[in-house]
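Written out below as structure tokens is the structure these notes cover.
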Amino acid sequence: MAFFYLDSTALVKRYSRERGTRAVNTLFTKRDRKIIIGLLSVTEFFSAVALKAREGELTRDDWYSVVLKFEAESDRGLFHFVAPSTQTFVTTKHLIMENPLLRASQAVHLALAMELKPLRLFMVSSDRQILDLCRPLGLKAINPEDE
């Protein structure tokens with residue numbers, strides 16, 4: 001079984017035509033795969049889609065359609081959601097102490113992926129800071145914008 005952890009930069013590509021969308025959508029067609037999303041990504045996803053609507057990349061109707069599609073796919077079990085624990089936040093502290101330029105959300109995504117490392121998952125992100133830290137942290141990474 002293949003496990004893919006999508007941060008919000010990758011999740012948004014599922015519902016928006018942009019560089020990397022095709023690569024993200026290809027992950028969803030793989031047999032025996034699990035798509036894992038940190039709960040933080042849900043809020044970041046809604047915020048990113050709202051920004052696209054405010055900036056005119058999406059109409060108001062498109063914005064609502066995207067949200068409804070995400071919710072329908074979530075209800076169908078397409079995603080496996082993981083919540084941060086107390087240990088996650090301890091890990092984020094260490095990550096930020098070692099990498100002071102990390103934003104809070106980046107640290108949470110990396111900490112969750114590290115907790116799931118026994119699954120030998122792939123971190124799917126287009127966030128350069130996250131991608132640069134994957135290898136030193138022992139995580140395999142996929143940048144959908146490279147494909």
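Predicted model, so just to flag it, every value in this text is computed and none were measured.
Put simply, the side chain of Thr9 gets close to the backbone of Ser126: a donor and an acceptor are under 3.5 Å apart.
Within the 4.5 Å cutoff, side-chain heavy atoms of Lys52 are placed close to those of Val12. Side-chain atoms of Val124 and Pro144, non-hydrogen and from C-beta on, do get closer than 4.5 Å to each other.
Under 3.5 Å, the side chains of Thr88 and Ser85 contain a donor-acceptor pair of N or O atoms. Neither side chain, Asp61 nor Thr59, offers a donor N or O lying under 3.5 Å from an acceptor on the other. Side-chain atoms of Ser65 and Asp62 include no donor-acceptor pair closer than 3.5 Å.
Ring pair Phe122/Phe4 is parallel by interplanar angle, where below 30° counts as parallel and above 60° as perpendicular.
Stacking of Lys34 on the aromatic ring of Phe3 is not recorded, the 6.0 Å distance cut-off and the 45° axial limit not both being met.
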Under the side chain to side chain contact (heavy atoms under 4.5 Å, CB included) criterion, do Phe70 and Val42 qualify, and how do the steps go?
CA-CA 9 Å; Phe70 170 73; Val42 176; 4.2 Å; yes

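Taking both residues in full, the closest heavy atoms of Pro118 and Glu115 are given as CD-O, 3.5 Å, listed atom of the first, atom of the second, then distance.
By the neighbour-count criterion of 12 heavy atoms within 6.0 Å, atom CE of Met97 is sparsely surrounded, having that number or fewer from other residues, nucleotides or ligands. No more than 12 heavy atoms of other residues, nucleotides or ligands sit less than 6.0 Å from atom NZ of Lys30.
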